[in-house]
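Worksheet for the structure shown next.
Reminder, nothing fancy here: chain letters follow the sequence lines and each chain counts from 1. A quick note: this is a predicted structure, and the numbers were derived from the prediction, not measured.
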Amino acid sequence: MTVSDVLMVALGAVAVGAAFRVVRTQHVVRAGLWLVVALGAVAALYLVLAAELVAWVQVLLYVGAVVVLLLFAVMLTRAPIGASTDLDRPRWSGTLIGAGSGLGLAALLVDAYRWRKVAAPPSGTAERIGNAVFSHWVLPFEVLSVLLLAALVGAIVVSRPDGGGR
Amino acid sequence: MTGRAGVAWLFAAAPGIVALVGLVLPNRARRLAAGLGIAGATVALAAAVALATMGGAAIEAGRRLVDFGGLPVTLTVRVDGRAALVAVAVAVVALAVQVYSVAYLAHDDRYPPYAAQVSLFTAAMMLVVVSGDLIVLLVGWEVMGICSYLLIGHDRTLPEAPRAAVKAFLVTRVGDVGFLLGIALLGLSAGSFRIADVLAAHLSPARLTVATLLLLAGVAGKSAQFPLHTWLPDAMAGPTPISALIHAATMVAAGVYVVTRLYPLFLAAPATLAVLGVVAAVTMLLGALAATAQDDIKRVLAWSTVSQIAYMSGALAVGAAPVALFHLLSHAAFKALLFLAAGCVIHAVGTNSMARMGGLRRSLPVTFGCLTIGLAALAGVPPFAGFWSKDSVLAVAAQARAGGGAAAGWVGWLVWLAGLATALVTAWYATRLWLRVFFGTPRAGTAAHDAPPLMRWPVVALAVPSALLGFAGLDGAFARRLGTDSLVSFDALAVLPLACLVAGAGLAWWAWRRAPATDPVSALGRAVPVFANAFYLDAVQDAAVVRPALALARVVRRSDESIVDGTVEATGHGAVRLGTLVMRAHRGPLSWAAGAALGGAVLAGVAAVILVSSR
Amino acid sequence: MHPVIPYVTAAVLFGLGGYGVLVRRNAVLLLMSVELMLNAVNLILITSDATVAAVLPATGQVFALFVIVVAAAEVGVGLALVLQLYRVRATVAVDEIQLSESPVEVPEEVA
Amino acid sequence: MTALLLLTLLLPVAGALAAVGLHRRSDVAGRVAAVVASAGAFVASVALYWHRDGSGWVSTGQQRTGAPIAPWHQIDVSWASGLELRFHIGIDGISYPLVVLTTLLTLLCCVYTLWTVPEGPRGSLLAALLLTIEVGILGVFLALNLVLFFVFFETVLLPMYAVIAAWGGPARRAAARKFVLYTLFGSVLLLVGVFLVVAATGTAELTELTAGGPSRFAGTLGHGTQVAAFVLLALAFAVKSPLWPLHTWLPDAHTEAPTVGSVILAGVLLKMGTYGLLRVAVGVLPYGARQLAPALGVLAVAAILVGGLVCLAQTELKRLIAYSSVGHMGFVLLGIATLTTTGFQAALIGNVAHGVITGLLFFLAGAIKDRTHTGDLRQLGGLRERMPYLSGLLGYAAIASLGLPGLAGFWGEAFAVVAALRRGGPLWTILAVFAALGGALAAAYFLRLLRHVTHGPASPAGAGMACPPLARAELASWAPLVLLALAVGLVPALVLGVAHDPVQALGEVVLR
Amino acid sequence: MRLDHVALLPAYCAAGTAVLAFLADLLLPGRSRPVLAVTGLGAVATAVAAVLVGRGATRSTFCAGQVGCSYVADHTGALVAALFAALTLAVVGLSVAATPQLPAGEYCFLLACAMTGGVVLGYARDLISLIVALETLTLPLYLLVGLRRRSVSGAEGAVTFFVVSVVSAAIALLGAALLYAVTGAVHFSAVAAALAAHPDARALPLTGAAVVLLLAGLSFKVAAVPFHAWAPAAYDGAPVPVAAYLSTASKLGGVIAIVSVTARALGPSLDVAGPALALLAALTMTVGNLAALRQSRMVRLLAWSSIAQAGYILAPLGALALARGRSADALSTAVAAVLGYTFFYVILEVGAFASVVALRGAFDGGQIADYRGAARRAPMVTAAFVFSLVGLAGLPPGLAGLFAKVVVVRSLLSGGSAWLAVVVALNAVVGLAYYVRVAAVLLTPGANPGGAVRAVRQWPVLAALGAATLVAVVVGFAPQWVLDAVR
């Protein structure tokens, strides 16, 4: 166990714990807040794994934007602030499938990697990633721009209030 | 094709063509139809007589009709002396029937099809007579069956006619199953269906026995031999001339004729001959005994036919085909005469029932005379035709008792004894009929008088051969045409049939004398219903064959609809039900869809892992 | 370092996300669960960069970036749709959205 | 002469298009166009006989060409090479009688439709559908490419469905559905079977596939494949023929179909199954055929017996005739199952005879039902009093159908029995005996039918009904069938003469 | 890095169409026809560009040295791109009936964005581009489904579609990520090379799971069982032209993605992918057909039938389940069969949906019973509809559909998968049961109680229908053109 291992275990525990709260809490707003914790812990994990740029993008985009968006949605749909009793459906099938997928995947990964040790990868600085993106991944980048544009326009047209002329 | 072969074809072709024309005539073209029918029969008769008198060697000519995978079917004519003589008999009877029918069915509004069917019947029989190919023979054989069906069912006023017609065809058809199989077996063994080839082929004894036994089934059907005789008495539902046609020269004679045609095969199969002998003996007595107790004049004659044909079978069973043919010819003459004369009686009194006849000899003198000749021939009174031929049959049977011939000795004994007993019974019932119809006090209400000339003349004409044909048996040329040197031989045993005749006739006369008003049959006491119902064989047949078949049919239909079709329908319904289940499974909220996707992925992953690990 | 630690973390996150997707009735909570799943994928991608000799360096991280952006776009669109649903139905409970018309109607004739 | 071949196939297409095109403007004109087109096709198909190589009408049986399929005329154009599909059509002695029968029956049906249109949409649409069906059937008989054969095999399904569903009796929907689904079940198996063969051999040309028999494709068409493919093809053709126990679509379809639909269905559509079995299944897969012939034979005899027994207990006129078809096709299939040249010949003539006779029977049954508005045997009766000619014709047709020698039906049935006996061995002997008994059964139920319908007392239900005499249309469309039944019965070489050589060659392939 | 702009021309055209549609709406506010016309023209231009580029030699761009290229403009790609453009054009034609109620500018923009994703999809040769392109194809469609205001079923359908799509995307991404974790590559050729080079990696259960998860995630797009449950709800909630797009273009995208990945990247792991696909195909066609038997709404019936059709589409790949089917030869046959079937299918499906639009308008497919008497009201449209249905059932006169089935069965038997061929064949029987039911209703004369057939007379709708029917007829008689095109 190296320092990074200890960190990863700790952050992983935080992420998993927070994620557990996200899917189990009876408070809609708290779920959003726990999500912040979980995503933050994952971002920290990225840092440990030397993916700096991704980590910061995660913090900015997820913690900054997505979660805020989600909380807005919670408010807009007039979700109760306090605890609710009817947030969940009967959960045996969800438990079965969720546990199956999670544990099965974990088993596969454990089977594949055992307790193997690897060297830490070179740091994923913005420069390196940027280089990679703009030397090899221009096509998806460009297509992504169309995607984002479509998402933008679409989200606007769908959320535009009624009586907008059309 | 030689000219004589062409003449031979004319036997069948003339009535056949006439029949086809007649079938499309409108119902009102009565005279034309009658003329056509008579013309057809006349041409056939002329041709037959010409060929019979021409003599000369047998004709065998033909051409290939079709080829079934190396099995050729040929349109072959094969005419020898026998065929020519039988053809003459057929033509004579046919002509007589055609002429007779004009008057007998004077008020029938569907005469053209009737006349055409009679012509077709004649043509079919002629085809059987002349054909040198078994398949073509089968054509004639079966067409006769269907003509009998049509003609028996002709009378629409009789409620039992359709039933009798169906019965006639079906019973013979059952026999024909065997006939077809027998022909097929022979044809396959010989590689050809030509009779000449079949006769020349070498068949193993077992195969030969099987084939001839199968043929025998068909013969029994057509010739009304036990156990397939049940159709014949019922066939009386047809018009009387048709009965004459069926009984005298066509249908029932065909069976016997075909056996003589293929006789070498039968001679080589002693087991078949033994079976034939047993059948003949049983049928002979059965028919004669049944004839004793009938009230319907036509039924008496019908049962007598059964019994008389059995004489021919008996002759065949003991190895004497010429004698069988001799009896066939004389029987053709007197049985046609009997039926046509009986028709005159029926025509005169308007009923078939002998209980309502009696004392008719004065009002119907011509009919009386002719019927008397016919009955005498039937009973075997010398010197009428039946005496000579029946005596010949008994003589050959007596000879066969010693064994060493074609058949075993016991077959000869059986046929001989049965023949003698039958001669007695025949004399008895012939006398009874004669007395009941023509003597005693008249029981009919209306004043009867002799039939019109068109009916009278054929009867008179037929009386001639009935009386005289027997003498032909003494003629060497005639015998040679039938295939033997001499037909008639007398020895000491010839007295026995005469004794039987006298005994039978005497018993009947005695019984009648005692009480002229009552039926002599009452002397038989409790046996009467048994005889009248022909030992209840109809009921047996009904219970053993008809009812089970119909029950089976109902079961099969029901199971076809419920099981076979039910499976199909169930498959369809099952698919729809499965569809309902699928839809019911999809009756969930959105999360169900997501769960299916995730769950499906998990399952697929598990499957893949198992697949990879098991490699 | 032992890559199995982040891998297992990712696997558990994915499972929790799946659980959330299936169990949550509130559409917004459902979206949050989806985000957990996508994060699990990203974590795997990032970790892979450390464990595999990639033919192109840092492909995993690039992939993860794209995934983050796609996920953001999806969330934006998804929330818009959820809000629209809320406008027409006044609820965001996903289990009130039925997959099939109810009741299942029975067509008249069968095979 | 290839133009004639094409004309035979295209004239009905043109007629169908013309009839559809005209149906709004003038229904009568559409029907006339259909009659003209079908008459043209008939003439063209008959004319195919001339200008061919090979022997005269009645073969001497001596000369033989080597290949089982030696077309008189053929057209061979590539269509879709990726699917091994070639537009390869040709005619030979085996297909010629069936082709002429098809064009003849369609012509007669179109003529019939000229005067009599069953209740439903316009008559010209019915005529157009009949012509479309004709194209499909002709295509099946003419195709020399397996894939093309399959395409044409499928072509008839929907038009026939439409004919039943639009012009049929009260329960037409269900009957039509059953027909189309059941027979599609058969044809999809055909599809699989065809491509099993094509995948194994790499060709779909019938001439090539049948040419060398097993030797040519010995390496590629293994025994297992042959058996599997034969099972599939035999199932497909058994459904179409139909063979017991796959027959239950037939009675329903016939009972509900309009008269002309029944005539086409029984007259020629069923023949696609038997023809396919003979030409494709047996011709291409002789080993498979040899392996499965006993099973086929047993089922065929079962069909004969079951068909006969059900008829004996049947109470509906058209259903009875339909079940009698099951029995008759049983004889045809028995002939094929024997795998002897005798059996093949019997099957061929049985096919044609059944087409002619059952076509006539359905015409007559339709006429009776039209007049009395019932098909229930118990309510019919005394027909010969009220409609003597109709009942006479019915009697004729029934007698022909029960296999009376001298009429067309005899040859096929008798020689199927002969062929079974020829095959020898206990099994086939027993089959022959039972088949012959089935023939007696046929007599029983047809005479029962006649006893109910023509003989017997007039039924109270039908007594008061007005019974129009036979119309000109009826006579015109029946007369050829009446004559053919007699002509084929008297001169079987009309059908078999041309078939002798190809059957002989086929027999050699199969028995090698 | 030099870009080959010629190769990228179709993608540019598609993206340009989106921009132009948006601009047209800005410049001509409130008028829908010009916007639609511009979009249609853009689609035509895209198709032309794709065909022109495809006729030349194969062009590659966005290459990473030896590793491989992200974008390869070969003729299959050109066919796919042209097909996407043509389908978009047809849907634009159908949308004429819808735009009075929908915002034309945004509608066309989203449609064009989806087309862009589809066009790129055909050319994409790495997992990242593939998934991004697929998302670009899909994401606008959620919005299009939900675009109709105040439509409960539209909003519900959109959310359903969205949720299942996102979950499936997560699954596909998981598969892709694991595949990357195993192989270290995302370019198809590199993945295949890595899998081929490392048998031990191939033997890893993780690899098997990765392969299957990737395919499972992608199967969502073709609406294969069990990733199908969104389809009926989404189709029924969407405007009919959008449903047409979902069942054709979107499905085409899924097919291309699966085929691309299977044939180009997973070659060495087909022993895992093959059985999975075979099972998927068999399950999909069976469930789809059985469920379709029980539908009473027209669009739902078409949705279920398109699920069943997805099963047929995937079936040829099921031949890869057997070793005999995994030769390079059999693989290319199977791929050609998939593409060929898809081609025939999309044409017939467009015809069917176009007929629904022509008979009922763009928003409500209605009950099947509502179509009674359609033959009298609109005989030609009904004839085209029946033709399409019959074609989908795979029977003459719908020769296109018949040959489609033939293609599938042939490729299956070439691969030795007779069992799957029999499953396909039996499913065709079940399929006919409902197609023929619909056709019978259409042709049944008789009173139409609600007067529910509202024939649409706008020419673009009829033109789209006519064109689809015409193409179906032509390729029915000349199937070889299609077979050559997909080879």
*With respect to E/Leu413, which candidate in D/Leu196, D/Val197, D/Val194 satisfies the side chain to side chain contact (heavy atoms under 4.5 Å, CB included) definition?*
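The single option meeting the side chain to side chain contact (heavy atoms under 4.5 Å, CB included) with E/Leu413 is D/Leu196.
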
For [X], is it the side chain, the backbone, both, or neither that has a heavy atom closer than 4.5 Å to a heavy atom of chain E?
X        : result
D/Val180 : both
D/Val151 : both
D/Phe150 : side chain
D/Leu184 : both
D/Val198 : side chain

*For E/Asp484, look at atom CG and say whether over 12 heavy atoms of other residues, nucleotides or ligands are found less than 6.0 Å away.*
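Enclosed: over 12 neighbouring heavy atoms sit under 6.0 Å from CG of E/Asp484.
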
_Run E/Val406 and D/Phe195 through side-chain contact (heavy atoms from CB on, under 4.5 Å) and show every step you take._
CA-CA 8 Å; E/Val406 168; D/Phe195 278 98; 3.2 Å; yes

*Of the backbone (N, CA, C, O) and the side chain (C-beta and beyond), which part of E/Leu402 lies under 4.5 Å from a heavy atom of chain D, both, or neither?*
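Contact with chain D: side chain only.
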
*Quick one: what part of E/Leu412 sits under 4.5 Å from any heavy atom of chain D, side chain, backbone, both or neither?*
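E/Leu412 has no heavy atom closer than 4.5 Å to chain D.
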
Can you see which heavy atom on [X] is nearest to which on [Y], and at what distance?
X        : Y        : result
E/Pro396 : D/Leu158 : O-CD1, 3.5 Å
E/Ala433 : D/Arg177 : O-NH1, 3.2 Å
D/Trp79  : E/Pro479 : NE1-CD, 3.5 Å
D/Leu191 : E/Lys405 : CD2-O, 4.5 Å
D/Val188 : E/Leu426 : CG2-N, 4.5 Å

*Heavy atoms only, distances under 4.5 angstrom: which of D/Leu83, D/Leu85, D/Thr155, D/Leu232 has the most pairs with chain E? Name it, please.*
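That would be D/Leu83.
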
*D/Gly82 backbone acceptor or donor facing E/Arg410 side chain under 3.5 Å*: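 Answer holds: yes.
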
_Looking at E/Gln480 and D/Ser81, would you say the former's side chain and the latter's main chain have a donor-acceptor pair under 3.5 Å?_
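Such a contact is found between E/Gln480 side chain and D/Ser81 backbone.
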
_Is the shortest side-chain heavy-atom distance between D/Tyr182 and E/Val429 below 4.5 Å?_
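Not in contact.
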
*Between atom CG of E/Leu399 and atom CD of D/Glu154, what is the distance when rounded to the nearest 0.5 Å?*
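Answer rounded to 0.5 Å: 10.0 Å.
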
*Pick from E/Leu483, E/Val482, E/Leu432, E/Leu443: which one has the most heavy-atom pairs with chain D under 4.5 Å?*
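That would be E/Leu432.
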
